[in-house]
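Reminder, nothing fancy here: chain letters follow the sequence lines and each chain counts from 1.
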Number of protein chains: 2
Amino acid sequence: MKDIAAKACVSISTVSLVINHRDKGRVKPDIAATIWKVAEELGYHPNAMARSLRSGRTHTIAFISDQVATTPYAGEIIHGAEDAARQLGYMMFIIDADDERDISGDIDRMLSWGVDGYIYAKFANRYISVPPTLDDLQVVVVNAEERTVIHPRIEPDEFSIGYDATARLIHAGCRRIAYIGCDEPAIAQVGRFKGYRQALKDAGIPFDKRLTNRVSHGRPALEAVCKLLDDTHPDGVFAFNDARAVYVYDYAFQHGLTIGEDLSVIGVDNHEVICDTTVPALTSVELPHYEMGFWGACKIISMIEGTDPIAQNRVTPAYNAAPTPPLDNDGPTLIRCAIIEKKSIVGGPLKDKDSTPAQAEETSEQTTAAAVATA
Amino acid sequence: MKDIAAKACVSISTVSLVINHRDKGRVKPDIAATIWKVAEELGYHPNAMARSLRSGRTHTIAFISDQVATTPYAGEIIHGAEDAARQLGYMMFIIDADDERDISGDIDRMLSWGVDGYIYAKFANRYISVPPTLDDLQVVVVNAEERTVIHPRIEPDEFSIGYDATARLIHAGCRRIAYIGCDEPAIAQVGRFKGYRQALKDAGIPFDKRLTNRVSHGRPALEAVCKLLDDTHPDGVFAFNDARAVYVYDYAFQHGLTIGEDLSVIGVDNHEVICDTTVPALTSVELPHYEMGFWGACKIISMIEGTDPIAQNRVTPAYNAAPTPPLDNDGPTLIRCAIIEKKSIVGGPLKDKDSTPAQAEETSEQTTAAAVATA
DNA sequence: GTGAAAGCGCTAACAT
DNA sequence: ATGTTAGCGCTTTCAC
């Protein structure tokens, strides 16, 4: 900056004004032009360190998460958060926080860095508690719930996942709809199951316990699924996730049935590897990982800056099967998940023109909250 | 720091010495103790910004990658890199570099930050070219190849993957071994196929073209796999990856065969969702994503600091099915991949005591390099 | 053993 | 419309 000032025969402050675009009506345009030219020639890059030291703001956020990796669904949350952060001029640090590992050291490092805000994410919708050290700072929770709400957060609308998936099967003509559940009584299992029951109820279809089970994976899961299908012969199956839906395919192969013709199946995750590997491709409710990450970064930056980057159109998601919810909510935000149509439901993919199945009512938010509270 | 100095009745420089552990024999121990106590009381955190401004080093690296997310195999590279970086006192920025997107803006930001080094990673082993802007800086390439080698890099030993997988099947008694290949002539396809042929040759088994094909995914892939199996009735199948191995399972279900008893299968990726969902669980060659990320961070930090953190035992991988290769190599490093034993091969998982199948010779590195060069 | 002081590159209040 | 100057918090040289 000193060099630029010297070469352009102006003072350092003038250079600073120009470089920071605060020269409107303060610096003569031709001088400003010269400064830009010289800066270019010299290959000038402002020193972020010095700038932050002076301004007290680092334009940096930290993404703290369990298993940055170990789940295959992981990356899109990071992707979405990075995308929003980048568009808004922020850099994002990544911190892996295994449940077992003590992250106080990392938090100290973050405090030393003067990170402007924190995204605390989980890769499966779980109960968490944010380390108390962070409570005084700007924190957003993504894809998780705190038992007592302290920080703004976003998570999938699990009730609606169950409701919409079931309603989609009903819309395709299914009347005996099985639910292959998850053996862990997690937020997701409870919410999706409630949605399933509500959709049946709204369609006047009686709930039949024999059509549901709860499984893990591997041979016991496959056997349980086969038994359920053998015993009850459903015409549609809503699986807790895509992996569990695979067992329905296995059953179909064994019994000479064709998914999408003899039997409809819908999963959850829209897991790329599974949904595009299965034949026919599996219709699935997509968990909006990208969108949640994107929302999280927008939210934390809005808290830092006191503005609303979404309302101001300063940022565009690269992907939004699920529309980005608004930021003006400091409590829990539920995000509605989209069904990604493939070919595993009788009648084939829904075209835009086709009437869409009834969706869960707006009240679903309270319903889920209640479901979860009693879980 | 000023506050500490005041409260401890010493000068700022003394505080600095103590905080930075450079007080040995220079500051009286009791004074040092006081300083630590006061620092603790005041909740002092050194200001990394000021420190970096002064020292010119940020202890920060950038992880630049395509599709941070969109592949499900993604995260472990990040995980490994973050793990090593953290243990060595570095923070890691994440930058998503979609092939289409212009990342010069991001690079400018990195230059502004004064990032100490760059990891340039891909999530599928591909040819890349590192942006020339980075050529003057410290760069390590992970899971990719440059057409002309400029930067140190690490990638999976694709030849050995093919060799070891095939040898494993031979060891289990298979003699008619099919290869379900990939329709893209990528580095991985070429290398694994060469390894497959070499293993057959070394075992004195003639190569039979009819036992191999190359498929994509979905119905055409399933049909091609079924046709191959119908036509040739192999006793073992080496699949390019786990997703393609699934079609062998589908075939088996349709024909009442049992994988692991009537037919052996081995995949590549050790993709969690697939390998633990299939019945029986799929034995697979694991791509050492964590290990490559870990190596990449160690390597870039060794270049920055001029030391060898691995040799100095300053760092421990959380996971190493594949042992971390040494850092003293500024050209390409190939990493040998481990077979993760599950239950899809006749005779069951290999115990430690069992004799292991012959492995590709040490010369495989040259062989792969050659294979790849002519690809 | 300890302290004073310069300066890393930049911003912003103030002076001209 | 432009220049001067005082720090941001820290490290490090040098003097005591």
Along DNA chain D, 5' to 3', what are the outermost nucleotides having an atom less than 4.0 Å from a heavy atom of chain A? dA1(D) to dG9(D)

Qualifying residues under side-chain hydrogen bond (donor to acceptor under 3.5 Å, both in side chains), relative to Asn313(B), sequence neighbours excluded: none

Give a yes/no on whether any side-chain N or O of Thr14(B) is located under 4.0 angstrom from OP1 or OP2 of dT2(C). no

Examine distances only and state if a side-chain atom of Asp116(A) and a backbone atom of Thr58(A) form a donor-acceptor pair shorter than 3.5 Å. yes

Test side chain to side chain contact (heavy atoms under 4.5 Å, CB included) applied to [X] - qualifying residues, sequence neighbours left out:
X         : result
Asn47(A)  : Met49(A), Ala50(A), Leu53(B)
Ala144(B) : Lys122(B), Ile128(B), Val141(B)
Asn329(B) : Thr333(B)
Thr133(B) : Ile107(B), Pro131(B)

Residues in ring-ring contact (aromatic ring centres under 6.0 Å, His included) contact with His59(B), at least two apart in sequence or another chain: Tyr90(B)

Sorted by chain and number, sequence neighbours left out, ring-ring contact (aromatic ring centres under 6.0 Å, His included) with Tyr118(B) holds for none

Pairs flagged by salt bridge (charged side-chain N to carboxylate O under 4.0 Å, His left out) wherever residues 7-28 of chain B is involved - sequence neighbours left out: Lys7(B)-Glu41(B)

Quantify the bending of the helix from dG1(C)-dC16(D) to dT16(C)-dA1(D) as the angle between its end axes, each fitted on five pairs, to 10°. 40°

Name all pairs fulfilling the ring-ring contact (aromatic ring centres under 6.0 Å, His included) condition that reach into residues 22-50 of chain A, sequence neighbours left out, sorted by first residue then second. His21(A)-Trp36(A)

Starting at the 5' end of nucleotides 7-16 of chain C, put B wherever the base has a protein heavy atom under 4.0 Å, S where only the sugar-phosphate does, and a dash everywhere else. BBBBBB----

Once you apply a heavy-atom cut-off of 4.0 Å, does Gly56(A) come out as touching a base, just sugar-phosphate, or nothing? nothing

